[in-house]
Amino acid sequence: MEVMTVEGVYDYLMYVGRVVFHISDWFHHLLMGGRILFKNTLETYTDHYLQCKLEQLSQEHRLVSLITRLRDAVFCETTEPRSTAAKQKRAKQTFEEMMVYIPDLISKCIGEEAKFEGIRLLFDGLQQPVLNKQLSYVLLDIVLLEIFPELGKVQCLFYVCTVIILVIYFH
């Protein structure tokens, strides 16, 4: 079996399908055949879509809202902890919404059991608070570099991130 490098959205989706959802060989071969036709189209569409969303997010009024929500999500320690029942209810609702998110056509191709197991694996992987907090810090760094490209210098980025985190935390 030939080992391929994973480059781009199409390859990542195929990798997730193969490893997480255990798609069948025939479906994998079908996707590999379609790779020549659809990879560039999907890459271009994804780049355009993400660029449009980033432009919408970089508007001043949305940035303020986004920073406020990020602050509340990461540093909010004044709220009372949710009860176990509330956590279980929210987890169940989230899992059900994740199950509905995958289109029926794809569900039929990969099978209901593989769909359930794959979503359960993704869901359980996203239930780690420490990893989620680290992910939010990494995403914050990426967003700051996108908005302020001059922060690409290591010392400047470290200083600005430290100041922003302290401002958010003590606000």
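- No continuous path of hydrophobic side-chain contacts links L131 to L126 [ILVMFWY only; heavy atoms under 4.5 Å].
- Atom CG of D25 and atom CG of L30 lie 12.5 Å apart (nearest 0.5 Å).
- Between atom CG of residue D11 and atom CE of residue M32 there is a gap of 7.5 Å, rounded to the nearest 0.5 Å.
- For the pair V20 and Y15, the minimum side-chain heavy-atom distance is 4.5 Å or more.
- A distance of 11.5 Å separates CG of L37 from CZ of R35, quoted to the nearest 0.5 Å.
- In the hydrophobic cluster analysis, where Ile, Leu, Val, Met, Phe, Trp and Tyr join through side-chain heavy atoms closer than 4.5 angstrom, Y45 is grouped apart from L54.
- In the hydrophobic clustering of this structure, W26 groups with F38; members are Ile, Leu, Val, Met, Phe, Trp, Tyr whose side-chain heavy atoms approach within less than 4.5 Å, directly or through other members.
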Which donor-acceptor pairs under 3.5 Å do side chains of residues 94-111 form with protein atoms, sequence neighbours excluded?
| from | atom 1 | to | atom 2 | distance (Å) |
| --- | --- | --- | --- | --- |
| T94 | OG1 | R90 | O | 2.8 |
| E97 | OE2 | Q93 | NE2 | 3.3 |
| S107 | OG | P103 | O | 3.2 |
| S107 | OG | K115 | NZ | 3.1 |

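- Here CZ of R69 is found 4.5 Å from OG of S65. Values are rounded to the nearest 0.5 Å.
- Separation of atoms CD (Q128) and CD (Q134) is listed at 13.5 Å; rounding is to 0.5 Å.
- Proximity of a side-chain donor or acceptor of Y10 to a complementary backbone N or O of I36 within less than 3.5 Å is not detected.
- Residue M14 holds its CE atom at 9.5 Å from CZ of F27, rounded to the nearest 0.5 Å.
- Side-chain contact between L13 and L31: absent, with no pair of heavy atoms (C-beta onward) separated by less than 4.5 Å.
- Listed here is the closest heavy atom pair of E43 and E7: OE2-O, 4.3 Å.
- Each of Q127, R82, K92 was scored for a side-chain contact (heavy atoms from CB on, under 4.5 Å) with K87, with one residue passing: R82.
- When the shell of 6.0 Å around CD of E113 is examined, it contains 12 or fewer heavy atoms from other residues, nucleotides or ligands.
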